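Some notes on the structure that comes next.
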Amino acid sequence: MKKIGIYWFGDDLRVNDNKLMQLASFEVDVLLCIYCVNKVNHSMSVFGTKHIGNHRQNFLEESLHNLDRSLQKLGNKLLLSPYSASQTFKALLDDIPVTSLYRHRHPGVDESKTLESLKRQFNDVRFVIEDGLTLFDKKAIEFNTVPSTFSQFRRQVESFDPPNVIDKPYSLPASLDAFSFLFPASRFIVNKANIKPTPYFFSGGERAAHNQLDAYFSSNSPSSYKSVRNALEGWGNSTKFSAWLANGNLSPRQVLQSLTDYENQHGANESTYWIYFELLWREYFHLYAQYYGAKLFQPQGITGKSNKGRYYAERFQKWCNGNTPYPIVNACMNQLDQTGYISNRGRQLAASCLIHELGIDWRYGAALFEEKLIDYDVAINWGNWQYIAGVGADPKGGRHFNLEKQTQIYDPNGAFISKWQGDQFDRQLDSVDAADWPIQIL
């Protein structure tokens, strides 16, 4: 009897450095490679935002197309299901004698619940789970409890060696064409009608990811990364790997390997270390999300502190639309809307403004970033928002940035504000007294 396997793709849209794909290539005779295009992505969240916006959707579609081409070269193809993962895999596992299901561990609550539910219902199926979204295997950095601060985590793991990067398989077992509710990715057409090319126009897919990886480490930029990483603009001022890491077009292990090769050729310094430092932050937030689960989305975060933020509809809309009394924040929000990307410092300033200047529940901002950011990662996005709001891993209890001072430091000549029209806003923040507004606590 033929062994039938299912590869459940998620945020691992690549064929290189993919241990699960290597395993599947010699463990099964037939392999269904499936990505679930969940319809909930196109519905509204409880915060009045979309789960996925145009820029992020475009990047995802390009990534899926690129993955499909890569799989076809290996003798397989990508199948897209218009149903949820739960619906898709229950139907498949009920109908066909699947022997193995391959899946990378995901920090998301819903994804984890679906996986655990399938494991309980289909105990005759072998579930092969790997840690391909992170630097380290979970068993290599097992904690009884997650360190309460990043610094504690970093000191414990920064000397560890992650698994080596592996090549893609030479070939894959063939797929099956017997399921009418699944269809090839080649039928999934990328719609760029609403996407305008910009200096921050990212192309999705593994090929584009490796082009950026090679270009960045072929330059001198890694040696000056720390001194320019907070700049509000400039393609070379940060690695720009985040979008491809978020979709799994690129693995953090591949980034670290290229970084190590660069240091061996050009020497290590504080800036090259800081790239590794940022990879460790990503690692920490993934562990954090897996450990705390639903607390990632609760108003009091992981701390249990009272959430002082409220929902002021007018203020929130003005923040979303770059129409606040804070030009540097407006510029950042306009840039985000037009490109799907803003710098790390821009994100911190926008978050600080929403929470501390406008008094809005931090979760509304996190939800808007989920919609808009091309590089949205559930663990990193919600973990960082908790950090700024003081209900997360920050030992200082939150970060409140002086927006005037930050403007003087990062945009002293007003070039960034002028380019992104941050100085065009209503002079009156509130059209009615705040006491008359509805308060919504979710």
Side-chain angles (χ1 to χ4, degrees), residues 1-37 59-83 85 88-89 91-106 118 122 125-133 163-190 203-211 213-214 244 247-251 253-254 257:
M1 180 179 293
K2 287 187 176 182
K3 295 181 179 180
I4 301 175
I6 291 176
Y7 190 113
W8 174 7
F9 274 103
D11 293 336
D12 54 352
L13 306 181
R14 64 178 186 274
V15 297
N16 288 283
D17 195 31
N18 191 326
K19 184 179 178 180
L20 286 179
M21 194 160 287
Q22 284 280 11
L23 291 172
S25 71
F26 59 79
E27 288 182 348
V28 299
D29 305 302
V30 175
L31 182 65
L32 297 174
C33 293
I34 300 172
Y35 182 90
C36 298
V37 185
F59 189 88
L60 172 61
E61 292 180 8
E62 289 179 329
S63 297
L64 292 171
H65 269 288
N66 187 260
L67 176 62
D68 184 38
R69 289 195 295 269
S70 296
L71 290 173
Q72 289 187 36
K73 290 178 181 178
L74 297 174
N76 202 283
K77 62 184 175 182
L78 183 63
L79 297 171
L80 301 179
S81 170
Y83 303 104
T88 299
F89 296 118
L92 284 172
L93 295 176
D94 277 334
D95 287 350
I96 59 177
V98 172
T99 54
S100 301
L101 188 149
Y102 301 89
R103 173 69 170 172
H104 279 120
R105 201 183 315 276
H106 193 284
L118 290 171
F122 301 96
V125 177
R126 173 173 166 258
F127 286 80
V128 186
I129 312 300
E130 288 287 337
D131 293 299
L133 307 187
N164 292 326
V165 171
I166 61 176
D167 292 330
K168 65 183 178 182
Y170 290 109
S171 64
L172 289 173
S175 183
L176 290 175
D177 294 316
F179 305 99
S180 59
F181 61 90
L182 299 176
F183 50 92
S186 58
R187 289 177 55 189
F188 198 49
I189 301 172
V190 177
S203 294
E206 193 170 7
R207 176 182 294 181
H210 283 274
N211 288 342
L213 189 70
D214 293 343
W244 293 288
N247 268 13
N249 304 152
L250 191 65
S251 77
R253 296 168 189 173
Q254 290 173 308
Q257 182 184 68

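Everything numeric here is computed off the predicted structure, so don't read it as measured data.
- For the side chain to side chain donor-acceptor pair (under 3.5 Å) condition, the pairs that include at least one residue of residues 20-30, sequence neighbours left out, are Glu27-Tyr102, Glu27-Arg126.
- Here the closest non-hydrogen pair linking Val125 and Val98 is CG2-O, 3.6 Å.
- Here Leu172 contributes atom CG and Leu31 contributes atom CG; the two are 6.0 Å apart, rounded to the nearest 0.5 Å.
- Contact annotation: the side chain of Lys168 never approaches that of Asn18 to less than 4.5 Å [non-hydrogen atoms, C-beta and beyond].
- Within 6.0 Å of CZ in Phe26 there are more than 12 heavy atoms belonging to other residues, nucleotides or ligands.
- The salt bridge (Lys or Arg N to Asp or Glu O under 4.0 Å) test applied to Lys77 returns Asp177, not counting sequence neighbours.
- Counting heavy atoms from C-beta outward, Phe127 and Arg103 have side chains that stay 4.5 Å or more apart.
- Legend: salt bridge (Lys or Arg N to Asp or Glu O under 4.0 Å) pairs involving residues 4-19, not counting sequence neighbours, sorted by first then second residue: Lys19-Glu130.
- With hydrogens and angles left out, the side-chain atoms of Asn16 and Glu206 include a donor and acceptor closer than 3.5 Å.
- For Arg69, the side chain to side chain contact (heavy atoms under 4.5 Å, CB included) partners at least two apart in sequence or on another chain are His65, Asn66.
- The shortest side-chain heavy-atom distance between Tyr35 and Leu13 falls under the 4.5 Å cut-off.
- For the pair Ala208 and Trp244, the tightest heavy-atom approach, listed with the atom from each and the gap, is CB-NE1, 3.8 Å.
- Take Val30 and apply the side chain to side chain contact (heavy atoms under 4.5 Å, CB included) test, not counting sequence neighbours, and it matches Lys2, Ile4, Leu176.
- Under the 3.5 Å distance criterion, the side-chain polar atoms of Asn247 are left unmatched by any main-chain donor or acceptor of Gly204.
- Rounded to the nearest 0.5 Å, atoms CG (Leu32) and OG (Ser175) are 4.5 Å apart.
- With sequence neighbours excluded, the residues forming a side chain to side chain contact (heavy atoms under 4.5 Å, CB included) with Ala85 are Trp8, Cys36, Phe89, Thr114, listed by chain and number.
- Heavy atoms only, all atoms of each residue included: Arg105 and Leu133 are closest at O-CD1, 3.3 Å.
- Closest approach of Tyr7 to Met21, counting heavy atoms only: CE1-N, 3.9 Å.
- Rounded to the nearest 0.5 angstrom, Ser63 OG and Leu67 CG are separated by 8.5 Å.
- Residues Leu78 and Leu64 share a closest heavy-atom pair of CD2-O, 3.7 Å.
- Atoms CG and NE2, on Asn249 and His210 in that order, are 8.5 Å from each other to the nearest 0.5 Å.
- Interatomic distance, Leu93 CG to Leu118 CG, rounded to the nearest 0.5 Å: 6.5 Å.
- By the 6.0 Å contact criterion, CG on Asp94 is enclosed, its count of non-hydrogen atoms from other residues, nucleotides or ligands being greater than 12.
- Taking CG of Asp68 as the reference point, atom NZ of Lys73 lies at 11.5 Å (rounded to 0.5 Å).
- In this structure, Lys3 and Val28 approach most closely via the heavy-atom pair O-CB, 3.5 Å.
- Contact of the Arg253 side chain with the Pro163 side chain is registered, since non-hydrogen atoms from C-beta on lie closer than 4.5 Å.
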